[in-house]
Every structure is written in C-alpha cells, then in structure tokens.
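Just so we're on the same page: letters track the sequence lines, and every chain starts at 1.
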2 protein chains.
Amino acid sequence: MTDRYHHGDLRRALIEAAVEALGETGPSALSLRAVAKRAGVSHAAPAHHFGDKAGLLTAVATEGFERLADALDRAWRTTGDFYAVGAAYVRFAIDNRPYFETMFRPELLHPDDPDLQRAEARSRAGLYRGAGDPPADGGYNPTALAAWSLVHGFAELLLAGNFPQAVADDPDAAFRAVATVTRFEVE
Amino acid sequence: MTDRYHHGDLRRALIEAAVEALGETGPSALSLRAVAKRAGVSHAAPAHHFGDKAGLLTAVATEGFERLADALDRAWRTTGDFYAVGAAYVRFAIDNRPYFETMFRPELLHPDDPDLQRAEARSRAGLYRGAGDPPADGGYNPTALAAWSLVHGFAELLLAGNFPQAVADDPDAAFRAVATVTRFEVE
DNA sequence: CGAGGAAACTTGACACTGTCAAGACGGCGG
DNA sequence: CCGCCGTCTTGACAGTGTCAAGTTTCCTCG
C-alpha cells in the first residue's frame, strides 16, 4: 500500500504532509520539495495533483475553512450562544494553527477557486449566525463585521505573539475577559 | 550622487526599494535580488547592510511601527477620541499596506531586534491610551486587548479581501458603522 | 485474455532564489 | 602619499518552483 507506484491517495497524503510542514515552517517558507520528500514521492509529484504550490495551499485552506465551519456549527448547536461561537473561532485558530495561518493569505492561494469559496461561505455563514439580520443585497451587517473583526484580530495578534505573556498562558480566559467588556448593539 | 561607488545612503534607498517591491509582490514573495536591482546595486549589497532578508524586512517593519505610532499619536492629540485612534489604525493599514503586511509576520522578521521592539512598544502605547488603566505587572487590560483586536481584525480582513465589496468601497464608513455598534465597558 | 490508452508518477533540466567567501574600490586619517 | 577600513562587487553554491518528456501502472474495451 505504501510503496506502490500508484500511491492510492497521494492527494490526501500530500495535504497531510503539507500541514505537518506548515506547522514547522509557516506558510511562506513551505517547500514543495520538502513536502514531497515527507510523503515519500518525487519532487514533482505535488504539481501533478495541485498544479501549483498555490494549488496545494489552496487545498489546505479549503480544508481549513471546512473544519472551521464545522467547529462554529458545533459551538452554536450545543450552546446557542453568540459568544461561544467567537470562543470557538479563537480555539480553532490555536488548535489548527497551520490551517489558520494559510487560510487568510490570499497572495499565496488561488483565491477564486470554487471549492475554496464554497468553504469560505460556509464559515462565514456559521459565524454570522446570531449577529442579527443577514446583510441586505450587496450591503453588510455592522454587528457581524464587528464580531468577526474582534475574534479574528484576537486570534491573529495572539498567534503573532503581540499579546502579553499572560494572554498566551491562558488564551481562553483572556478571550472571555475581552468578550466580557465588549457589547454589540444589534440594530 | 546616484552612481557613486559609495552610494551615500544605500540603506535608506534599499528600504524604499523594498517598500515599493512589497507593494507589488507582498512580503512572502519579496526577492532580495529584485530589491537590489531596483536600487541599482549588486545582488549581494542588501546583505551587507541588513545581514539577512529577514533583516531588511525587520527594518521595514520597524519603520512601519514608527509611522503607525506617529499616526496614532497625532489622532489622539488632535481629537482626544478613543475611536478616532482606532480609525487612524485602520487608515494606516490601508494607506501603508506594504508596511502593515510585514509588521505582523514574525516568522519573516527578527522578532527580538531591539529597534523593532522599541517601535512596537511605541505603537502599543499610542493605541492603549484611552483604554483605561494600564495593565498591572505582567497582566493585561481587557479593554485595550478588545480594542486592538477589533481594529486589527478589521484591517486584516479588509486587506485580505474577506469583507463584502461595499466595505472595500468605503472602509471608513464601514469602520464607523462597526465602531457605532460596539461598546467597550471600561472596568 | 490481451492490447491500447489514460492516469499517476519520475527524471532531468532551467531560471531563479538567499547566502557566503573573496576580491575590488574609494574615502579618510596618519 | 600611504595604508586601512568600510562599502560594494563578483563568483560560486545549494536549494527552490515549474515545465517537458519519459516510465510505470491500472483500467477498459474488443
């Protein structure tokens, strides 16, 4: 199974190898050849399945958005609480750092990929739920924007190491404190 | 002055060339050799002044934090309004995208560089002003964290193209709307 | 059953990258 | 005028992504 010429599910294996490598090097330093070596295939094998380096990262990002959407749905379903969804967003960023770090870097992706956009839409829908009325045609819901900005900014600044040590030591508590002092007036 | 062997202020010229290039390619695709060519020097000249590719990006990020601190100070000085400082943060991200995009990518920088850390501290101080009491020793002020998260997340999501078109068309109005529905309870 | 063709993967090459060592150049103090 | 040191160049090296061509395997259809 492992040393066949036809791998079986090399696409899957490459994505997993990429996530591993991303955890060690970060998305901008990812090496396609290193991913291929990790999966035990030749250096040009990834290109066959993903076309591009950006194609591989797009596949990773797509899977990331799917997982994020799942996590947000689960949080909403089990608690019905708007803030719990936000906490789940932050948790996801911490637990799935390799995914999260590639999901919001359009310059490394194929941003127009249909699968990616579908997964993005699923995540957005899961996040917006509970933020009042959905936006009118072409418009936006300020409350939804505000909530997304808050949780996303918290996650980014946390991962980038811009917060004090105490935040990194107990991010959940820190986010709870942040959520406690923040009120969104649903209009 | 321009074609001397000793350039005069090559360091400065390289930073400016880097910012130009960053505006076109983004920080992860920046090529040192392209920067050198743009500045009209040999391909190894940047290494002499900055040691590293990360060193050059660190210099750019440092200058970015200085400029951000200036912008935040100015906003506070002229308005005395907490939300105006937030708006200035978002404006800075839009107007100085090449800087902003490199400032929060520690994996591309030398995060322990003393000059960088000084400039970061200046920005943080400018942002925290007006967010209630400064944090206790080793602790954090939840209101300051929340405000920073909100403006930073808004800026990141905007630049990454994750917001509806209407937001991109008039970001200032969108941020005003976001700030209007958000209340921070200073404790 | 066996031939043909498509799909999966490899091999080799190319231009480009960052980094390093060694050398050429230029201004400055003695 | 000499020597020296900081500034920059030249040349080389290993590693990168991508592309074209070749090889291997599987599947299907006669």
Can you check the [X] [atom1] to [N] [atom2] distance for me, whole Å?
| X | N | atom1 | atom2 | result |
| --- | --- | --- | --- | --- |
| A:F50 | C:dA7 | CZ | P | 18 Å |
| A:K37 | C:dC9 | NZ | P | 19 Å |
| A:L57 | D:dT18 | CG | P | 10 Å |
| B:R12 | D:dC8 | CZ | P | 15 Å |
| A:D52 | D:dT16 | CG | P | 17 Å |
| A:L30 | D:dG15 | CG | P | 17 Å |

Please determine, for the side chain of [X], which listed nucleotide ([options]) has the closest atom?
| X | options | answer |
| --- | --- | --- |
| B:H43 | D:dT18, D:dC8, D:dA12 | D:dA12 |
| A:R33 | D:dT16, C:dG18, C:dC9 | D:dT16 |
| A:H48 | C:dT11, C:dA8, C:dG18 | C:dA8 |
| A:L10 | C:dC9, D:dG17, D:dT9 | C:dC9 |
| B:L32 | C:dT19, C:dT11, D:dC8 | C:dT19 |

N-O pairing of B:R67 and B:D70 below 4.0 Å: no

Carboxylate-amine/guanidinium contact B:D73 B:R77, below 4.0 Å: no

For B:V178 against B:T182, the heavy-atom pair lying closest together: O-OG1, 2.7 Å

Parallel, tilted or perpendicular: ring planes of A:F154 versus A:F163, cut at 30 and 60 degrees: tilted

Sugar-phosphate, base or nothing in reach of B:A47, heavy atoms under 4.0 Å: nothing

Under 4.0 angstrom between A:S31 side-chain N/O and D:dT16 OP1 or OP2: yes

